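Here is the structure we will look at.
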Amino acid sequence: MSLVEKRSVTIRGHRTSYSLEKPFYDDLVTIAAARGMTLAALVADVDANRPREANLSSALRLYVLDQAKRGGTNVDKG
């Protein structure tokens with residue numbers, strides 16, 4: 001079993017994929033739900049705001065990390 005799972009998403013009509021470890025994916029789902037948006041919409045938002053030199057998977061991990069530091073994931077880490 002791989003620690004990293006590849007997932008597909010359609011962003012602005014373009015099919016792409018990203019690879020995340022389960023804890024990052026789970027937190028991303030939690031963040032999207034807390035914001036009342038779909039996971040695809042959150043991924044599209046992160047994609048639109050990432051530096052072009054950063055790949056989508058890395059941008060998603062950094063986004064989750066940033067939200068965790070700000071206390072924005074609403075995930076009980078204990």
Side-chain angles (χ1 to χ4, degrees):
M1 180 180 195
S2 175
L3 295 176
V4 178
E5 292 188 32
K6 189 171 186 174
R7 301 176 189 280
S8 296
V9 65
T10 301
I11 299 174
R12 294 176 297 283
H14 174 72
R15 195 86 171 142
T16 190
S17 63
Y18 59 92
S19 299
L20 292 177
E21 295 80 3
K22 185 168 177 14
F24 283 105
Y25 177 78
D26 290 346
D27 280 0
L28 203 60
V29 169
T30 300
I31 293 166
R35 295 190 174 184
M37 58 195 316
T38 66
L39 178 59
L42 180 59
V43 171
D45 187 51
V46 171
D47 181 61
N49 292 297
R50 73 180 162 98
R52 290 301 105 191
E53 64 272 5
N55 69 50
L56 180 57
S57 298
S58 294
L60 291 168
R61 285 186 193 93
L62 291 173
Y63 177 80
V64 168
L65 178 62
D66 181 64
Q67 293 301 302
K69 285 182 176 182
R70 295 172 188 238
T73 60
N74 296 321
V75 175
D76 180 12
K77 300 292 183 185

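Just so you know, these numbers use all the heavy atoms, side chains as well, and skip hydrogens, waters and symmetry mates. Because the structure is a prediction, the values reported are computed rather than measured.
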Criterion side-chain contact (heavy atoms from CB on, under 4.5 Å) against R50, the qualifying member of L56, D45, L62, L60: L56
Flag, side chain of S57 to backbone of S19, donor-acceptor distance under 3.5 Å: yes
Worked verdict on Y25 versus R7 for side-chain contact (heavy atoms from CB on, under 4.5 Å): CA-CA 10 Å; Y25 177 78; R7 301 176 189 280; 3.0 Å; yes
Candidate pair V9 and Y18, rule side-chain contact (heavy atoms from CB on, under 4.5 Å), full reasoning: CA-CA 8 Å; V9 65; Y18 59 92; 4.0 Å; yes
side-chain contact (heavy atoms from CB on, under 4.5 Å) partners of L65, counting only residues at least two apart: K69
Sole residue of L3, L28, V4 in side-chain contact (heavy atoms from CB on, under 4.5 Å) with L20: L28
Any residue meeting side-chain hydrogen bond (donor to acceptor under 3.5 Å, both in side chains) with T38, in chain and number order, not counting sequence neighbours: none
Closest contact, heavy atoms only, R12 versus A44: NH1-O, 3.7 Å
From CG (L42) to CG (D47), nearest 0.5 Å: 11.0 Å
Minimum side-chain heavy-atom gap Y63-I31 below 4.5 Å: yes
